[in-house]
Each structure stands twice: as C-alpha cells, then as structure tokens.
J.: 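Got a structure here, written out as structure tokens. Questions coming.
To find a chain, count down the sequence lines: A is the first, B the second, and so on, and within it residues start at 1.
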Amino acid sequence: MILRLSFVSLQISRRALIVSAVLSLLMLSLLMLSVSMGYYPLSLTRIIAAIGDHASEVEQMIVMDHRLPRILSAVGAGAAFGLAGAMFQTMLRNPLASPDVIGFNAGAAFGALAAIVMTGANILPGALIGGLLTAAAVTALAWHNGLHPYRLILVGIGASLTLVAGADLLMSRLDSMTASEMAKWLIGTLNSRDWGDVRLIWGGLALMLPLCLWLQFPLSRLAMDDDISTSLGLALSPLRLTITTTGVALVALAVSVAGPLPFVAFVSGPIARRIVGGGKPALLASAMIGALVTLLADTLARSVPIVQLPAGVFTALIGAPVLMWLLLVQFRKGTL
Amino acid sequence: MSQTARLSARDLAVSFPGMQVLKGLTLEIPDTKMTVIIGPNACGKSTLLRSLARLQTIGAGTVVLDGKAIHKENSRSVARRLAILPQMPTAPEGLLVRDLVTRGRTPHQSALRQWSKKDAAAVSQALELTGMTDNAHRPLETLSGGQRQRAWLAMALAQQTDILLLDEPTTYLDLPHQIELLNLVQRLNRDTGRTVAMVLHDINLAARFADHIVALKDGQVHLQGPPDQVITESTMQGVFGLACTVISDPVHANPHVIPA
C-alpha cells in the first residue's frame with residue numbers, strides 16, 4: 001500500500017496497519033485496567049472523573065499523582081526500549097544483539113548511577129554518556145576484521161557483567177537509604193514516577209520518533225547483508241553510527257525513567273517481527289510491544305501486595321525464557 | 001580495446017592478512033559486452049569483481065567508474081550506474097520476492113519518496129524478465145535454488161544500472177538452471193546493451209557466453225581477449241595447469257575444453 005502526500009510517498013504494509021490497530025486496542029485496555037487496579041480500586045467512571053477534576057481529593061491524588069504518571073512512564077520507557085531493541089537487532093541481524101544483552105542498558109545505568117553519586121543529579125546525561133561509552137567500548141573490543149555478531153554478543157555480555165559489578169561498587173558510596181532505593185532502580189522499577197518523568201520520556205520519544213521512522217527505510221535494507229546494502233548505495237559506516245547513537249539515546253532515556261529494565265528491548269523485536277512478518281524491521285510494532293510488556297510487568301509488580309517489587313523482576317520472568325529459547329534455536333540452526 | 005571503458009582498474013592491489021591477492025592489476029571492462037573472469041581457485045577473481053564494485057577495500061591503485069575513483073564516490077550515485085550481485089547474498093526470513101526486488105530501487109528512492117511510477121515499472125519489468133512475476137508474493141526461502149537466484153538477479157535488474165556485475169551467479173545451480181540463467185543474462189546484455197562482467201567457474205560456459213574473457217592467475221591478468229584467443233590449450237596449461245584438448249564446439253562454434 002502506498003501513502004501519498006504531495007512529494008512524499010511511503011510504502012506501508014496493510015498488515016502492519018492492522019497489527020498497530022490491534023496493539024493500540026490492547027494497549028488501551030491494559031492502560032485502563034492498570035489505572036483502575038491497586039490498593040484502592042477505581043471504576044472507569046471514577047477514573048474519568050478524577051482526570052476531569054470532578055472526583056474526591058483522594059481519588060484525584062491516586063490517579064493524577066500516583067498511577068497515571070507511573071503508567072505513562074512505563075508505556076514511554078517500554079516503547080523506547082522496544083524501539084532501540086528492534087533497531088540494534090535489525091542492524092546487527094541477530095535477535096541476541098539487543099541493548100540489554102550486549103551491555104548498553106548496564107552502561108547507561110552505570111553512567112546514571114555515577115552521575116548521582118558524583119553530582120546528586122544529572123541522571124539523563126550520565127545515562128547517555130555511560131551508554132555511548134559502553135557502545136564504543138564493546139564495538140571496539142569486538143572488532144576484528146569487521147563486527148561478527150557472535151563476538152559482539154559475548155563481549156557485550158562480559159561488559160554487562162562488569163558494569164553491574166561496577167554499579168554495586170559505586171553503591172557502597174551511598175547512604176543505606178539511597179542505596180536500597182538505587183538497588184531497586186538497578187533491577188528496573190517504576191515506583192513513584194512523577195510527571196517530570198512522563199515529560200522526559202515522552203518529550204524524548206517525540207524528538208526521536210521522526211528519526212527512527214526515517215531510519216526504518218535504510219534499516220530494512222541493512223537487514224540484508226553488508227555487500228547488498230553497499231551495492232544498493234547505502235553508506236554503511238555513517239548509517240551504523242547514526243543508528244547506534246539513536247538507539248543508545250533511546251536506551252538512556254528509558255533507563256533514566258525506569259532503570260535498566262531487563263529483556264524489554266530483547267523480546268519486543270522478535271515478537272513484533274513475527275506478527276508483522278515479511279522480514280520487516282517492524283520498529284513501530286516493537287515500540288508498542290515494548291510498551292505493552294513494560295506496562296504488564298509493572299501492573300503485575302503493583303498487584304503484589306505489601307512488598308514493592310520492582311517491575312524488572314517481571315520483565316526478567318517474561319524475557320529470560322525467550323532468551324533461552326532463542327539461544328537454543330540459534331544453537332540448533334548453527335547460527336550462533 | 002577502447003581507452004574509454006566506463007569501468008576500469010589501474011594498478012589494483014588488494015591484500016588479506018598473510019597474502020596478497022591482487023598484485024597491481026590493470027583491466028578495462030569493455031562497455032556493452034559480456035565479460036567473464038576465469039581463473040583457478042584463490043586467484044583473486046571474486047576479489048577483483050568486488051573491488052570493481054567498491055565492496056572490497058583496496059590497498060593500492062584505483063578503480064575508475066566514469067572517470068572518477070569509485071571508492072571515493074558517493075555510494076548512492078555509484079549504485080545508480082553499477083549493480084553487483086555478490087555470492088550467496090542473504091535476506092531476512094519472510095522477505096517476499098516482490099519486496100526483495102523492490103529493494104533494488106533503493107538508490108532511486110529516499111525515506112520520504114519510497115515509491116514512484118518508475119519504481120513500479122522497473123520492479124514489474126524485472127520480475128517479468130526473470131520470469132518471477134508468478135512467484136512475486138512468495139517468501140524467498142520457499143523458492144528453489146534456481147528461482148531464488150533469479151529473484152536476486154531481478155533485484156539487481158530493478159536497480160536499472162548500465163553495468164551489472166555477477167559473482168559466480170551459477171553456483172549451486174544444476175546445469176539446466178545454469179544455462180537458463182546465463183541465457184537470461186545474455187539476452188539482457190543483447191537487448192538492453194547493459195555491460196555485464198561476471199565470475200564463472202565453468203570454462204566451457206565462459207567460452208560460450210562471453211564476448212571477452214579475462215584469465216587471472218596469481219592476482220594478475222594472464223591473458224584477455226575473445227574466447228577463441230583465450231581458451232587455448234596453452235592458456236589452460238598456463239593458467240590452470242590443466243592438460244587438455246580444445247576443440248570447436250560443434251553446435252555453437254566456440255572453443256570447448258576437453259580435459260585430458
């Protein structure tokens with residue numbers, strides 16, 4: 001299907017449109033369910049009343065100060081993770097090469113933590129610098145006559161473990177209250193997010209989305225091999241640099257809001273590509289799956305009474321089996 | 001040979017760790033002709049073709065396309081004039097033949113202008129020429145080897161370049177499919193005047209389909225010219241170390257190698 005607007009003509013597959021519509025519906029249902037659920041359950045009419053400023057003070061506070069910012073932060077962070085995951089997986093042509101597996105999440109988290117320890121603030125710049133430095137270091141270490149995905153993944157896993165240990169070390173410099181909070185954040189949590197977080201993640205997404213949509217065109221070519229991409233006239237190095245920087249920026253944004261939520265970036269791409277089909281990068285669908293998975297995990301985390309479990313526990317419960325399954329499939333196909 | 005060939009290599013040197021593959025090779029690819037590069041394994045055939053298409057980083061020398069060094073030129077601008085089909089290209093699972101062929105239009109498109117009438121015409125023409133129209137909606141991985149190769153060729157054709165390079169396009173095809181593919185390439189060359197240069201392993205197929213043969217040995221051009229001048233008993237001995245008798249093919253009249 002071709003979409004035309006004056007000089008612009010875009011190729012859009014009908015299936016991708018249908019998938020987006022279905023995912024949007026799912027998203028909306030989960031969103032409403034999540035806002036209504038909790039220690040103080042609220043009906044849909046009460047929620048609407050609270051948003052419209054016609055509810056009691058308590059209801060208003062629950063919806064506007066607690067649930068809504070937390071839920072919108074989850075959706076935004078999940079979308080950013082899903083988008084970044086699909087971009088890296090497509091560019092590196094391997095579902096294992098997602099930023100949470102190859103250490104970029106850990107790098108961004110380490111950077112954010114270092115910024116907090118050193119300056120008491122500046123989470124986003126810290127995450128951005130940490131993520132970019134990690135991406136550069138992992139690429140450089142894995143480079144040997146080109147970038148073999150297998151080597152990149154192993155080096156990335158190593159970097160990830162090192163950075164997690166480094167983060168633990170940094171935490172010893174914090175007082176015990178902050179440290180226990182940061183420990184949860186390092187697992188990935190959306191506890192007590194506020195509207196500032198919502199503005200940060202959605203503002204960031206609004207800035208990055210046009211770039212991501214533009215990158216979808218070269219990314220779908222890059223998904224073939226390097227020779228074909230060059231033959232078709234793509235300039236590989238600048239393109240890879242742009243994609244990596246964009247992906248890391250998305251990861252840094254998401255980590256700033258939700259911590260290094262494990263496996264969201266990792267599971268979103270493969271699921272999205274499977275439902276969209278046709279060997280497409282499925283960036284938009286990945287963003288939506290990422291948002292769904294994150295919101296689902298956080299809703300589950302909220303539904304456990306008394307203990308405040310971090311959402312990362314549940315994304316790991318969803319993602320780790322997928323990782324094992326993918327490893328097994330690749331191992332059997334001999335592509336690992 | 002004319003001095004004005006659009007694609008040429010001068011003093012081309014390429015090395016891989018531990019060995020020099022091309023050793024100061026100079027070559028012109030004659031315009032509008034079918035050129036076939038032959039030579040023993042590891043003589044640098046593929047490396048030469050890949051260097052001519054700027055897929056290979058080169059150590060010294062230059063590859064010139066339309067008077068400019070191809071390795072320094074804008075890749076997109078090159079891709080409108082020269083297409084290469086590398087050996088064993090890969091595509092993501094689930095990619096449909098039509099989408100693959102459409103990707104051949106990439107150098108003529110942009111992220112904002114992804115489809116035009118010209119694109120549509122080029123894609124259906126490429127599908128038509130390769131006989132893939134009926135398979136356009138099938139995923140690539142469900143095709144047979146021969147069909148798959150034709151689908152990739154269709155992608156390169158949709159690029160609508162004057163120069164087409166093919167790296168061992170007949171690998172993994174059985175003889176009927178090899179002949180079918182080479183007939184198709186020859187027809188393209190004759191009908192549209194496209195310059196074709198390809199690497200082939202089979203000397204007899206090279207002799208039958210080439211206008212111009214380049215015999216490589218040890219990273220240098222050993223001999224080049226029309227088939228009946230290159231495919232001789234002494235060249236076969238010199239290039240391949242092959243003792244053979246060369247006869248004239250009784251059907252097509254080109255030289256035919258019969259190994260001793």
Side-chain angles (χ1 to χ4, degrees), chain A residues 1-13 15 89-95 144-146 210-239 242 269-270 273-282 329 333 335, chain B residues 16-17 46 49-50 53-57 71 73-100 102-117 119-120 137 139-141 152 155-156 158-159 161 164-165 167:
Chain A
M1 201 161 98
I2 312 298
L3 182 74
R4 275 181 213 287
L5 288 161
S6 67
F7 66 96
V8 180
S9 57
L10 303 175
Q11 280 196 295
I12 293 168
S13 89
R15 189 157 162 190
Q89 287 166 335
T90 305
M91 177 177 84
L92 296 161
R93 303 178 197 110
N94 194 316
H144 179 75
N145 290 329
L211 182 59
C212 294
L213 291 180
W214 178 75
L215 284 172
Q216 175 131 335
F217 180 78
L219 260 174
S220 63
R221 274 77 186 159
L222 264 188
M224 301 203 272
D225 55 42
D226 286 2
D227 283 352
I228 293 285
S229 304
T230 307
S231 176
L232 293 178
L234 299 187
L236 294 191
S237 301
L239 202 53
T242 313
R273 282 192 294 276
R274 187 143 296 194
I275 42 184
V276 170
K280 299 190 170 70
V329 168
K333 277 203 296 192
T335 47
Chain B
F16 295 137
S46 273
L49 202 74
R50 290 168 51 77
R54 51 103 171 72
L55 298 184
Q56 178 68 52
T57 350
H71 285 83
E73 260 224 88
N74 176 300
S75 184
R76 194 173 141 89
S77 151
V78 171
R80 295 198 199 116
R81 289 170 281 155
L82 179 148
I84 178 166
L85 187 55
Q87 265 183 65
M88 290 196 288
T90 57
E93 223 174 289
L95 188 69
L96 304 180
V97 171
R98 179 170 203 85
D99 290 337
L100 175 75
T102 298
R103 293 196 179 171
R105 297 301 297 163
T106 304
H108 306 275
Q109 297 170 326
S110 72
L112 286 182
R113 212 194 49 76
Q114 296 183 4
W115 199 244
S116 68
K117 278 194 184 124
D119 294 332
H137 292 285
L140 200 59
E141 68 266 19
W152 281 106
M155 185 199 79
Q159 219 171 316
T161 56
L164 179 63
L165 307 183
D167 194 356

J.: If you take all heavy atoms of A:D225 and B:M88, which pair is closest and at what distance?
T.: OD2-O, 4.2 Å

J.: What's the separation between atom CD in B:Q109 and atom CZ in A:R221, rounded to the nearest 0.5 Å?
T.: 5.5 Å

J.: With no hydrogens and no angle check, is any side-chain donor or acceptor of B:S75 less than 3.5 Å from a backbone partner on A:A235?
T.: no

J.: Between B:A111, B:P86, B:A79, B:A83, which has the largest tally of heavy atom pairs under 4.5 Å with chain A?
T.: B:A111

J.: Whether the side chain of A:R273 engages the backbone of B:E93 through a donor-acceptor N/O pair (distance < 3.5 Å, no angle test) should be reported.
T.: no

J.: State the CD1-CD1 distance between B:I84 and A:I228, to the nearest 0.5 angstrom.
T.: 9.0 Å

J.: Do B:L112 and A:F217 have side-chain heavy atoms sitting under 4.5 Å apart?
T.: no

J.: Pick one of side chain, backbone, both or neither for A:T90, based on which atoms fall under 4.5 Å of a heavy atom in chain B.
T.: neither

J.: Of the non-hydrogen atoms in A:A223 and B:P92, which two are nearest, and what is the gap between them?
T.: O-CD, 3.7 Å

J.: For the atom pair OG1 (A:T230) and CZ (B:R76), what is the distance rounded to the nearest 0.5 Å?
T.: 14.5 Å

J.: Between B:L140 and chain A, which part of the residue has a heavy atom less than 4.5 Å away: side chain, backbone, both or neither?
T.: neither

J.: Name the region of B:R54, side chain, backbone, both or neither, that has any atom closer than 4.5 Å to a heavy atom of chain A.
T.: both

J.: To the closest 0.5 Å, what do you measure between CG (B:L96) and NZ (A:K280)?
T.: 6.5 Å

J.: Please report the closest heavy-atom contact between B:Q159 and A:S231, naming both atoms and the distance.
T.: NE2-O, 2.9 Å

J.: Considering only heavy atoms, which portion of B:P139 lies under 4.5 Å from any heavy atom of chain A: side chain, backbone, both, or neither?
T.: neither

J.: Quick check on B:S110 against chain A: is it the side chain, the backbone, both or neither that has a heavy atom closer than 4.5 Å?
T.: backbone

J.: Counting heavy-atom pairs under 4.5 Å with chain B, which one of A:L236, A:L234, A:L213, A:L232 comes out on top?
T.: A:L232

